[in-house]
Amino acid sequence: MPHIIFEKDNNNITVPSTIDGTQFEFIAKSYNFTQKQRKEEYRISTKKDDKRFLLTLKEKNENYLLKADKVTRISPVQILKDSINSYIKLRESKIISSNTQNFNKKVEPSQEYLKDMDFFVNDFKTQKEIQIEIGFGSGRHLLHQAKNNPNIQFIGLEIHTPSIEQLLKQIKIQELKNILVVNYDARLFMEFISSNKVGKIFVHFPVPWDKKPHRRVFSNAFINEALRVLKIDGTLELRTDSRKYFDYCVELLTNLPKGKITIDINKDLEVSSKYEDRWKKQGKNIYDVVLTCNQEDKDINFDFDFSFDEFIDFENIIKDIPQKAIVEEDFFIHIEDIYTIEDKTNSGLIQITFGSFDRPLSKYILIEEGKASYYQDSPLPTSANIKAHKQLKGLLKK
Ligand SMILES: C[S@@+](CC[C@H](N)C(=O)[O-])C[C@H]1O[C@@H](n2cnc3c(N)ncnc32)[C@H](O)[C@@H]1O
């Protein structure tokens with residue numbers, strides 16, 4: 001990550017100010033919320049190329065360190081590098097060391113088919129049938145399906161970045177236009193797909209997680225969401241070499257009111273995945289369980305208003321904000337730190353981590369003269385984020 005270490009001086013910048021197309025909006029100082037012996041630390045709100053983010057300025061030994069803030073990190077990295085250089089230019093400080101001057105400009109592979117979750121919340125629309133593969137790994141099965149079914153829109157979900165890069169390269173080489181790739185936990189992704197739109201969900205050779213069953217893709221909540229997004233006669237297909245995982249899924253999938261199951265052993269598919277080849281060579285059995293959906297579901301509403309109340313008494317509230325995490329059954333809230341903005345009443349930043357345990361979200365809430373909003377953008381409307389927001393709103397009301 002780009003950063004600069006510079007000599008500690010008194011050349012503070014005035015805000016707001018703009019230099020070389022970079023605007024520094026305000027500076028918030030750490031309130032020493034956690035009450036540990038802490039060094040001086042600031043967040044500098046910065047705008048460049050229509051992006052808004054924070055820079056971190058803190059003491060490092062006898063000097064200052066200026067770097068990107070992890071929570072509000074943006075891309076491309078060049079914007080961060082330019083903003084850090086602009087800050088030092090404006091401040092006229094003496095640089096001790098830096099990696100922002102000749103940062104390695106790597107050519108990124110085409111990311112056209114890699115989508116983030118905002119895309120699925122705000123922009124994703126298709127007239128085509130959707131099919132989803134969860135944990136596509138080497139991508140052999142997904143690429144085969146996409147090549148042979150050009151009228152189907154495929155969505156590939158993976159959490160392993162090298163597998164995603166490999167698939168994106170293959171999409172380019174094979175000139176496929178019907179795969180969207182998402183780096184997101186499959187257990188939480190389905191919440192963003194409209195009801196009754198999906199023809200097939202493939203889960204081939206998921207990690208069995210025998211020692212940590214709560215990490216498995218299959219759970220009651222996942223199956224309910226799968227049945228909601230599947231259209232009538234749509235299928236959720238598990239293929240596994242693990243007898244334990246198979247038995248566990250058969251139990252979860254049996255006697256559901258909205259679907260029925262079929263099971264198989266050592267069935268041949270048109271394409272054998274990398275893991276399948278490995279297990280077959282070892283003489284292992286391959287088990288299939290297929291759940292077929294037989295009921296339509298109601299559509300869901302993705303709109304949720306993540307706003308806060310009109311006036312927040314920030315200066316009084318920060319005295320009572322809980323330092324311990326609030327842990328509920330399916331979400332949590334942890335206030336990480338608080339920053340106050342000098343020379344402005346009722347203004348500051350609250351750094352929080354919250355949402356689901358599987359995919360916690362880190363964000364800042366910006367309070368400007370008593371008016372609060374999420375810094376950068378609102379959270380994704382997952383059920384856990386919505387519940388956490390409602391509770392946060394209550395906390396900030398007192
Ligand atoms: C054992 S590999 C199987 C890969 C491929 N399906 C095959 O048959 O060769 C399991 C894959 O699932 C991915 N994975 C595990 N948990 C996941 C989750 N919650 N969401 C999305 N992908 C996941 C892993 O990164 C891994 O690539």
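Side chains included, hydrogens not; waters and symmetry mates left out as well; all remaining heavy atoms used. Every number for a ligand or one of its atoms is a count from 1 in the order of the listing.
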_I need the atoms of ligand 1 closer than 4.0 Å to a non-hydrogen atom of Lys274, numbered in the order shown._
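Taking each heavy atom of Lys274 in turn, ligand 1 has 9 (O) under 4.0 Å.
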*Distance filter under 4.0 Å to Ala186 heavy atoms, resulting ligand 1 atoms*: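 So the atoms of ligand 1 that pass are 18 (C), 19 (N), 20 (N), 21 (C).
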*Does an N or O from His204, backbone or side chain, lie closer than 3.5 Å to an N or O of ligand 1?*
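Yes, since at least one N or O of His204 sits under 3.5 Å from an N or O of ligand 1.
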Closest non-hydrogen protein atom to [atom], residue and atom name please, with distance?
| atom | answer |
| --- | --- |
| atom 11 (C) of ligand 1 | Glu158 OE2, 3.6 Å |
| atom 19 (N) of ligand 1 | Asp185 OD1, 2.9 Å |
| atom 8 (O) of ligand 1 | Ser273 OG, 2.7 Å |
| atom 1 (C) of ligand 1 | Phe205 O, 3.0 Å |

*Can you tell which of Gly135, Pro206, Ser242 gets a heavy atom nearest to atom 22 (N) of ligand 1?*
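It is Gly135 that holds the nearest heavy atom.
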*Heavy-atom distance to atom 16 (N) of ligand 1: which of Ile159, Leu157, Thr161 wins?*
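Shortest heavy-atom distance from atom 16 (N) of ligand 1: Ile159.
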*Going through the distances and angles, do Tyr245 and Tyr287 end up as a ring-ring contact (aromatic ring centres under 6.0 Å, His included)?*
CA-CA 9 Å; Tyr245 202 103; Tyr287 306 93; over 10 Å; no
_Within 45° cone of Tyr64 ring axis and under 6.0 Å: Lys8 NZ or CZ_ =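 Checked: cation-pi criterion met.
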*Which of these passes salt bridge (Lys or Arg N to Asp or Glu O under 4.0 Å) with Glu276: Lys284, Arg140, Arg239, Lys267?*
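When Lys284, Arg140, Arg239, Lys267 are each tested with Glu276, the salt bridge (Lys or Arg N to Asp or Glu O under 4.0 Å) holds only for Arg239.
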*From the options Lys258, Arg228, Lys231, Lys197, select the one residue that forms a salt bridge (Lys or Arg N to Asp or Glu O under 4.0 Å) with Asp297.*
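Going through the options one by one, the only one that passes is Lys258.
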*asked:* Between Glu40 and Lys58 (salt bridge meaning N to carboxylate O under 4.0 Å), is one present in this structure?
replied: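 Salt bridge absent between Glu40 and Lys58.
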*Assert yes or no for the condition that the ring centre distance of Tyr248 to Phe246 is strictly below 6.0 Å.*
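When the ring centroids of Tyr248 and Phe246 are compared, they turn out to be at least 6.0 Å apart.
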*Go through His389 and Phe308 one step at a time and tell me if the ring-ring contact (aromatic ring centres under 6.0 Å, His included) criterion holds.*
CA-CA 9 Å; His389 173 80; Phe308 290 91; 4.9 Å; yes
